Amino acid sequence: MTDKPRYYVTTAISYPNAPPHIGHAYEAIATDAIARFKRLDGYDVFFLTGTDEHGQKILQTAAREGVTAQTLIDRNVPRFKAMAERLNCSNDDFIRTTEQRHYRSSIAIWEAMEKNGDIYQDKYSGWYSVRDEAFYDESETRLNEQGVRIGPQNTPVEWVEEESYFFKLSAYQQKLLDLYARVPDFVLPKERLNEVASFVRGGLQDLSISRATLNWGIPVPSNNKHVMYVWVDALTNYITAAGYPDTNSEKFKRYWPADLHVIGKDIVRFHAVYWPAFLMSAGVEVPRCIFSHGFLFNRGEKMSKSTGNVVDPFSLIDDFGVDPIRYFFLREVPFGQDGNYSHEAIATRINADLANDLGNLAQRSLSMVARQLDGILPKPGIYSENDKTILAAADAMIISAREAMKTQQLHQVLNQVWAVIADANRYFAGEAPWALAKTDPPRQGTVLYVTAEVLRQAAILCLPFMPTAAGKLLDLLGVPPGDERTFAKLGVGSRIAAGTKLPAPSPVFPRYVEPETSPATSPTK
RNA sequence: GGCGGGGUAGCUCAGUUGGUUAGAGCAGCGGAAUCAUAAUCCGGAGGUCGGUGGUUCAAAUCCACUCCCCGCUACCA
């Protein structure tokens, strides 16, 4: 094993009763950027994603389509895997809750909770929403215009009355509140922790954690007539992948507890209340942080089939490319808040930030090196005040980036990098190296060197966000792959090597040009 | 109903220990430059800072009331 510090980060596992949508893609992109950032910053990262394949909703979708649950997931899960690959996600594992290792793990955590006296059998009766996979108190439900009883999410609920196993969630109220007090960053953004804490403060009821009326799930160990409530099963994936129940294994000892669960804001309660309670009960450490991201809206509207604004992540990538799409979502949407996207907004971002600001700066400076200096990166002379100022700004980027990443502020990292790129464009225009070529060649060399150095640091910081494109830019700058492309090489201590023969420059971030055919984000009725 | 967040330029937003002409990006207008991916740089323009009333020499920033949006939560039914 390595002596690097470790970092275990997960996405939520996706529910494959339908093909992946933009929200799944967003979560995967963001988590991948975090994982890559940490790797480049010297961490031994374990990045997990996967699919949550049990539960009544899968069963119902399968029935509606006239296939078995197994057939449904075997058809859909590969699309989630393909999406992760297409998004260039660097996940180290992809867990499916139908795997043997996960059965073993789920049964083990159940038995541990049972052994701790937190599971008991009782009769359950109440309102259950299949779509939300949640039980609601009658007071949370109401009758809609059609006379159908619906829950708080406006999904239909059904009266369920059956034998069920319960988890003594009520016993964990104080322990959870203590946890929130002890770890103020347990849930981010902070507003979300306040919401969770006030929910817990309001009192917790025991949780029904098994169902006897369906068979698509992991059997309860002591009673095979029951399967586990899908959330017990789903949440457990995070420890399964770390090797649970082999808590003495090297892997488990190394990676658990997870450093970060990245989830959507709709499932905060499950992750910030139920999950730590299950773990405390089972005698397993709780994760360190839950980060809840926002939702994405297409032109301000929630994506839905009825509005006809469903956007397939694959076609978005076909239209714009993987790296530009990754950049757009991570730059445009403050991480943790809801965000908007549209075809025009994506095109504008790509052209303004990537093609014009960064790409063009690289192209204009490097083509000067290629044409006027035989492609040899010049040696700098004595630095002027302007040189020192822009270099200092470049050196400071990693400092502020690390600071922003402490709370997963991905957009801030990019904001700061692009502020320096804008400075670099002003610097370049102000120094006018094309004029210096005739009047003061050594000075021209210094300006081009300084520009290349700023580009180098910017490109390395872009690696987590746009792995391929940033890598190409580093190729153009003559920065060899490997250790030279890590955060250890950022800041005052490292400078780009002068005298290097650079390859012929070519645009790394092409402008987006509107195709003749209709764009993918336009409504398809 | 309670708690919390928010209403600032055409768009997206930043901006509170109250204090010179309220900021950025994008869009738009004018100019410069022409090394570069028709990219870049500079400049003007653009806002009764949700509304009303107050505190103050001075309020986007503090107080009261009020309108609207969003989140969590409760209750009634």
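Within every chain, numbering begins at 1; the chains are lettered A, B, ... in the order of the sequence lines, protein sequences first and strands thereafter. Quick caveat: nothing in here was measured; it's all calculated off a predicted structure.
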Reading RNA chain B from 5' onward, which residue's closest nucleotide shows up sooner: Ala429(A) or Glu332(A)? Glu332(A)

Would you mind telling me which of C35(B), C72(B), U40(B) lies closest to the side-chain atoms of Ser198(A)? C72(B)

With no hydrogens and no angle check, do the side chains of Ser164(A) and Ser208(A) hold a donor and an acceptor under 3.5 Å apart? yes

Base-pairing assignment for G43(B) (Watson-Crick or G-U wobble, both under 3.5 Å): C29(B)

Give the nucleotide from the list U37(B), A33(B), U73(B) with an atom nearest to the side chain of Phe199(A). U73(B)

From U40(B), U73(B), G71(B), nucleotide with atom closest to Arg269(A) side chain: U73(B)

Starting from P on U40(B), measure out to CZ on Arg511(A) and report it in whole angstrom. 8 Å

Could you state the CG-P distance from Asn415(A) to G23(B), rounded to the nearest angstrom? 20 Å

Return whichever of Asn194(A) or Ala352(A) has its heavy-atom-nearest nucleotide of RNA chain B closer to the 5' end. Asn194(A)

Give the C-alpha distance, both sets of side-chain angles, the deciding distance and a yes or no for side-chain hydrogen bond (donor to acceptor under 3.5 Å, both in side chains) between Gln444(A) and Asp440(A). CA-CA 6 Å; Gln444(A) 182 203 28; Asp440(A) 190 349; over 6 Å; no

Please report whether the ring centroid of Phe167(A) lies less than 6.0 Å from that of Tyr229(A). no

Over how many whole Å does the gap from Asn356(A) atom CG to A27(B) atom P extend? 9 Å

